[in-house]
Amino acid sequence: MPKTLRLILGDQLNLHHSWFYTVDKDVLYVLMEVKQEQEYVKHHIQKILGFFAAMRNFAYQLKSKGHAIHYIKLNDNGNEQSFSGNLSALIRKYAIGRFE
C-alpha cells in the first residue's frame, strides 16, 4: 500500500519533473477533475475539456511507465467535487502518511 500521496494539478503536467524519474511503489499520484476548479472563475467549456483531456493523457502516460495513479473523473461516484474532500478520502482509504 502506498505511503505517500502526491497531488498533480492540471497546470503541472511535466513528465520531466524529478518525481517521475523513479517508479516507487510507495508513492500514489492523484489527479482529479473537480467542479471547484471550474467554478472559481468563469472558463470557456473548451478550455475545461482541454485541461481534462491533457490530465487524462498525462495520467495514462505515468501509468504506462509503471507509476501508481488514482484518477478521479468529474462524474465518478464518490467524487467530493473539491480537492480537500477528495484528498481527505484518499488519505483515509490508503492510510497515507505523507502528502506532497
Parallel, tilted or perpendicular for Y29 and W19, by the 30°/60° rule?
tilted

Any donor-acceptor N/O pair, [X] side chain to [Y] backbone, under 3.5 Å:
X   : Y   : result
N79 : N75 : no
S88 : G85 : no
D76 : K73 : yes

Over 12 foreign heavy atoms within 6.0 Å of CZ, F99:
yes

If you compare all heavy atoms of [X] against all heavy atoms of [Y], which two are closest, and at what distance to 0.1 Å?
X   : Y   : answer
L7  : L9  : CD2-CD2, 3.8 Å
Q81 : K35 : OE1-N, 2.8 Å
L31 : A59 : CD1-CB, 4.0 Å
F58 : L13 : CE1-C, 3.5 Å

Beyond-backbone contact of [X] with [Y], side-chain heavy atoms, under 4.5 angstrom:
X    : Y   : answer
D26  : T4  : no
E80  : I72 : no
L90  : I96 : no
F20  : N14 : no
R56  : E33 : yes
E100 : L5  : no
I69  : Y60 : no

With rounding to the nearest 0.5 Å, note down the distance linking CE in M32 to CZ in F83.
6.5 Å

I need the R6 CZ to Q12 CD distance, nearest 0.5 Å.
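Those atoms lie 12.5 Å apart.
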
Side chains of Y94 and H70: any donor to acceptor distance under 3.5 Å?
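Judged by distance alone, the side chains do pair up.
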
According to a hydrophobic-cluster definition based on side-chain heavy atoms being under 4.5 Å apart (Ile, Leu, Val, Met, Phe, Trp, Tyr only), do M55 and L15 belong together?
yes

Linking I/L/V/M/F/W/Y whenever any side-chain heavy atoms sit under 4.5 Å apart, do I91 and V34 land together?
yes

